Amino acid sequence: MEVEFSKENFLLPEMKYEYLDHTADVQLHGWGSTLQEAFEQCGVAMFGYMTELDYVSVESCYEIEAKGDDIEGLLFHFLDELLFLFSAEPFLVCKKLEITKFDLDNFEIVCRCYGEPFELGKHPQGTEVKAITYSAMQVVQDVEHSHYEVFVIIDI
Amino acid sequence: MVVRPYVEELKYLEKINDHCWRIKKGFQPNMNVEGVFYVNSRLEKLMLEELKNSCRPGAVGGFLPGVKQIANVAALPGIVGRSIGLPDIHSGYGFAIGNMAAFDMDDPLSVVSPGGVGFDINCGVRLLRTNLYEKDVQPVKEQLAQSLFDHIPVGVGSKGIIPMNARDLEEALEMGMDWSLREGYVWAEDKEHCEEYGRMLSADPAKVSMRAKKRGLPQLGTLGAGNHYAEIQVVDEIYDKWSASKMGIEEKGQVVVMIHSGSRGFGHQVATDALVQMEKAMKRDKIETNDRQLACARINSVEGQDYLKAMAAAANFAWVNRSSMTFLTRQAFAKMFNTTPDDLDMHVIYDVSHNIAKVENHIVDGRERKLLVHRKGSTRAFPPHHPLIPVDYQLTGQPVLVGGTMGTCSYVLTGTERGMQETFGSTCHGAGRALSRAKSRRNLDYKEVLDKLEQIGIAIRVASPKLVMEEAPEAYKDVTDVVDTCHAAGISKKCIKMRPIAVIKG
């Protein structure tokens, strides 16, 4: 669902993600000082694999919802929603994600996704993401040091 | 997973002959049958190295080596014969890529597993012949490559140009290549040279989620990215002159076009949806597997049946997809040579599916049984006289199309009786990855890879520069090793070798 947003005081988050080795696929590694941030970073990492985010400007904002049965399921469905946002109308590439509701009791997420529709010629083509997998998925929560990490293998 | 020291692990593996190894029961827990894999001395090293690397007790974040995955599949309920690894095997999601397994349809406990088909349902290879020779194409190679690249939408975010609305999609999902034929995109005889005649009758679009259809609609008639490609190839060697002539390949230098693509986002979403459903079914039916990724459901359960019907719809999508690109390829050639596809004799030699599950009859322990055969990164290779192969190939055996990697060669093989007995009529599908994508990108240089291809006379058009490194020949096993192993083991027979002169990639 498209929602209103203001370009004033709009800040892009710093990059807290990387891509790790896997024979046929690629592993996304996102981190942050909250679990929410680690999720957001992991989502942006996925878009970063599909195109080069430097070429993406923030023109519109869509809101998505995701639900799961446990924390891994929530991460899986969160990324699956983002992949769908890219794969069909509005074909959105996101440069920034902002989770506005992060309910770990009922495993629900509401997220604002900032970016613009993918456009050939403007956005370089990266690699296509086929699917999100549970393969070697890890959610690391170090509450004491406020350090959170997620690892997800995407099928490409 | 059982983690033992490497020397202990080796006790469960036995080399039967120069190109075949046995995996004994006990290698992984609860194995119902034994495993087997086909490798020559070079591929054997890669296989065992992967196993050795995983034998580090206490290591986290790693992935299962292919040989362990074969054994985990051998532990699934209802499996018959052996869990089989083909020479191009490498670690994949649940099932290794290059793993095939058959399940007894009459055993109520038997399962179907989306991981045994793969995310790209009915990913496959199609080969078109032409009556052109290398000397006709060389002078216009670059223009022809560009024209193909302009005709076929490739890479991330590209959209199909075949006009299509939601209703057309429903029909295409149900009808497969019959839809393409009705709409005038293919020739009637194309269907004859496809597995299942380009249409799985069990398809039910009603079992497919809205989400899958929305992902599929804009992508119909697109090549995709990753290892998918369209290549103009030249016949480099003919091993079996008689069989080759049955396929319309007369001599060296003849030009053919190979298209490697699948069911795009549609199939990926069907697989994702099924995995989510099956996790629930497994809990309910108390199905135990060695690996969470081997999500499966009983064939006779609602989830199992729904998946098979949705999978068949995705298979139909893939055939329509390859057919649409066949149409575009014929147009590109006809325009370039100022003639018609007909006069260029651009017939489909064959079209194979290398990510699919099918109901087939096989002889097991001297008795004919109805089996659900999973082939993931494995190609069907039926022998001569098999009732399911077209009349034109009744005497040669089914053509098997094995795609190489960017810049290396590709092969046409034929099915054998021995393959029917040993591997449920299955053989390899391609080269198989050896280097990870990230490692390829770190170790290989974009320009170097392109220069190398240019030096050996290959015109290349690629949408994503990153992909050039990931898909470089160095990142893969040697396809010739893979094919030679299948030939030596007798599970398929070498017929034709082709080398590329132009490559179109995502």
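From a predicted model like this one, the values you see are computed outputs, not experimental measurements. Residue numbering restarts at 1 for every chain, and letters A, B, ... go by the order of the sequence lines. Any value given below was found using the heavy atoms of this structure, including those in side chains, with hydrogens, waters and symmetry copies removed.
Atom NZ of Lys214(B) has 12 or fewer heavy atoms from other residues, nucleotides or ligands within 6.0 Å. Environment of NZ in Lys67(A): sparse, with no more than 12 heavy atoms of neighbouring residues, nucleotides or ligands closer than 6.0 Å. Around the CG atom of Asp69(A), the shell of radius 6.0 Å holds no more than 12 heavy atoms that belong to other residues, nucleotides or ligands. Around the CZ atom of Phe10(A), the shell of radius 6.0 Å holds more than 12 heavy atoms that belong to other residues, nucleotides or ligands. The environment of Glu65(A) atom CD is sparse: at most 12 non-hydrogen atoms of other residues, nucleotides or ligands sit within 6.0 angstrom.
Note on Asp80(A) versus Arg211(B): salt bridge recorded, some NZ/NE/NH1/NH2 to OD/OE distance being below 4.0 Å.
When heavy atoms are compared at a cutoff of 4.5 Å, Val276(B) approaches chain A solely by way of its side chain, counted from C-beta outward. Using a 4.5 Å cut-off between heavy atoms, Glu81(A) touches chain B through backbone and side chain atoms alike. Only the side chain of Arg292(B) comes within less than 4.5 Å of a heavy atom of chain A; its backbone N, CA, C and O stay farther away. In this structure, chain B has a heavy atom under 4.5 Å from the backbone of Val129(A), while its side chain stays farther away. Tyr134(A) touches chain B through backbone and side chain together, each having a heavy atom under 4.5 Å away. Of the atoms belonging to Ser440(B), not a single heavy atom falls under 4.5 Å from chain A.
In this structure, Phe86(A) and Val156(B) have side chains that are in contact, with non-hydrogen atoms separated by less than 4.5 Å.
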For this session: Would you check, one step at a time, whether the test side-chain contact (heavy atoms from CB on, under 4.5 Å) holds for His268(B) with Asp155(A)?
Result: CA-CA 9 Å; His268(B) 310 158; Asp155(A) 196 278; over 6 Å; no
Exercise. Step by step, would you call Thr133(A) with Phe119(B) a side-chain contact (heavy atoms from CB on, under 4.5 Å)?
Worked result: CA-CA 10 Å; Thr133(A) 78; Phe119(B) 282 105; 3.8 Å; yes
Exercise. Between Thr272(B) and Ile132(A), does a side-chain contact (heavy atoms from CB on, under 4.5 Å) hold up when you go through it step by step?
Worked result: CA-CA 8 Å; Thr272(B) 303; Ile132(A) 318 301; over 6 Å; no
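For the set Asp291(B), Asp120(B), Leu217(B), the count of heavy-atom pairs under 4.5 angstrom toward chain A peaks at Asp120(B). With respect to chain B, the highest number of heavy-atom pairs below 4.5 Å among Lys130(A), Met137(A), Glu128(A), His123(A) belongs to Lys130(A). Of the residues considered (Phe151(A), Phe91(A), Phe84(A)), Phe84(A) shows the highest number of contacts with chain B, using heavy-atom pairs under 4.5 Å. Counting heavy-atom pairs closer than 4.5 Å to chain A, the top residue among Glu279(B), Lys159(B), Gln269(B), Gln219(B) is Lys159(B).
Closest non-hydrogen pair, Pro218(B) versus Ser87(A), comes out as CG-O, 4.0 Å.
Gln125(A) places no side-chain N or O within 3.5 Å of a backbone atom of Ser464(B) that could act as its donor or acceptor partner.
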